[in-house]
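Single-structure report; data block below.
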Amino acid sequence: MDRTFVMVKPDGVQRGLVGEIVSRFEAKGLKIAGAKLEILPEERVVEQYREHLEKPFFPGLKVYIMSGPCFLMAWEGKGAVAVVRRMIGATNPAEAAPGSIRGDFALDIGRNVIHASDSPESAVRELGIHFAPGELVEYSKIDEPVLYE
Ligand code: IDP
Ligand code: MG
């Protein structure tokens, strides 16, 4: 099964959106494989956003991501990486589709509530940055026989 890395950013945690966001992924049928609340150390923020290190918004992004606790999760399911990217919506919440998380809960590109891996390769890389192997749990869930053909 595919696994993806998802993180409610500090604005989402402060705004009390963790429960709503977890509910959406659960209702979709995805299975939670790991979760924790954490203020990220600088090294892991730099590692996660390494493709953006030279961008003008990076210094502000780093301060934002380290401004408070993030809620980090691993979610599993068929096509989980692409499914979750569609559920979070476009990077700029002003353009994100209504019904998506960013479309429903945010206004500003610099405060867009949630992160999710953008490819299966990024998912493996990002899960490796944030979770030790023992922190991800393998188990079967009783709805699997009715969720999948
Ligand atoms: P993504 O989160 O949808 O994958 P990326 O382009 O990878 O979007 O950018 C990573 C994060 O950097 C965004 O989610 C957002 O928090 C921040 N970011 C991207 N572009 C801007 C910008 O123009 N201004 C401020 N922050 C930005
Ligand atoms: Mg990205």
Side-chain angles (χ1 to χ4, degrees), residues 1-138 147-148:
M1 233 4 121
D2 308 298
R3 256 186 195 168
T4 191
F5 173 69
V6 186
M7 179 176 101
V8 183
K9 296 176 178 179
D11 52 333
V13 172
Q14 291 296 330
R15 291 176 55 208
L17 295 173
V18 168
E20 165 76 29
I21 288 168
V22 169
S23 288
R24 287 186 177 209
F25 296 134
E26 282 189 324
K28 181 70 173 170
L30 295 164
K31 175 166 82 179
I32 192 160
K36 56 184 174 181
L37 185 74
E38 216 182 347
I39 299 180
L40 295 185
E42 184 172 2
E43 314 84 77
R44 276 160 59 203
V45 177
V46 167
E47 194 48 31
Q48 180 179 310
Y49 288 116
R50 66 177 185 189
E51 66 186 295
H52 299 305
L53 290 185
E54 305 305 322
K55 306 268 171 72
F57 62 80
F58 182 76
L61 173 63
K62 192 172 78 177
V63 169
Y64 158 49
I65 296 298
M66 295 178 66
S67 67
C70 293
F71 190 68
L72 290 72
M73 297 162 278
W75 286 96
E76 240 175 71
K78 191 173 178 182
V81 175
V83 164
V84 169
R85 278 297 283 199
R86 288 177 60 79
M87 288 177 73
I88 76 168
T91 305
N92 185 351
E95 285 154 23
S100 69
I101 292 166
R102 287 164 170 170
D104 287 350
F105 299 118
L107 288 164
D108 191 324
I109 191 166
R111 295 290 182 273
N112 62 1
V113 170
I114 189 163
H115 167 87
S117 307
D118 63 5
S119 68
E121 297 71 33
S122 312
V124 170
R125 193 181 81 82
E126 293 175 356
L127 286 167
I129 294 169
H130 297 292
F131 286 98
E135 290 180 310
L136 298 180
V137 183
E138 280 182 41
L147 260 176
Y148 295 110

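Nothing fancy with the numbering, it's 1 onward along the sequence. Just so you know, these numbers come straight off a predicted model, no measurement behind them. Both counts, for ligands and for their atoms, begin at 1 and track the order of listing.
For atom 2 (O) of ligand 1, the nearest protein heavy atom (residue, atom name, distance) is Arg102 NH2, 3.0 Å. Of all protein heavy atoms, the one closest to atom 9 (O) of ligand 1 is His52 NE2, 3.4 Å. With hydrogens left out, the protein atom closest to atom 3 (O) of ligand 1 is Thr91 OG1, 2.5 Å, a heavy atom. Atom 16 (O) of ligand 1 has Lys9 NZ, 3.0 Å as its closest protein atom, hydrogens excluded (heavy atom only). Annotation: atom 13 (C) of ligand 1 to nearest protein heavy atom, Asn112 ND2, 3.6 Å.
Polar contact with ligand 1: absent for Glu51 (N/O pair, distance under 3.5 Å). The shortest N or O to N or O distance between Arg85 and ligand 1 is under 3.5 Å.
With Lys31 as the fixed residue, the salt bridge (charged side-chain N to carboxylate O under 4.0 Å, His left out) test singles out one of Glu76, Glu26, Glu138: Glu76.
Taking the charged nitrogens against the carboxylate oxygens, Arg125 and Glu121 have no contact shorter than 4.0 Å, which rules out a salt bridge. Checked for salt-bridge contact, Glu38 and Arg44 meet the test: a charged N lies under 4.0 Å from a carboxylate O. In this structure, Arg24 pairs ionically with Asp104, as a charged nitrogen and a carboxylate oxygen lie closer than 4.0 Å.
Nearest to atom 12 (O) of ligand 1 by heavy-atom distance, out of Tyr49, Phe57, Tyr64, is Phe57.
A donor-acceptor contact shorter than 3.5 Å is absent between the side chain of Arg3 and the backbone of Ala123.
Close contacts between ligand 1 and Leu61 involve ligand atoms 12 (O), 16 (O), 17 (C) [criterion: under 4.0 Å to a heavy atom].
Under the 30°/60° scheme for interplanar angles, the aromatic rings of Phe25 and Trp75 are found to be tilted.
A cation-pi geometry, defined here as NZ or CZ lying under 6.0 Å from the six-membered ring centre and within 45° of its normal, holds between Arg111 and Tyr64.
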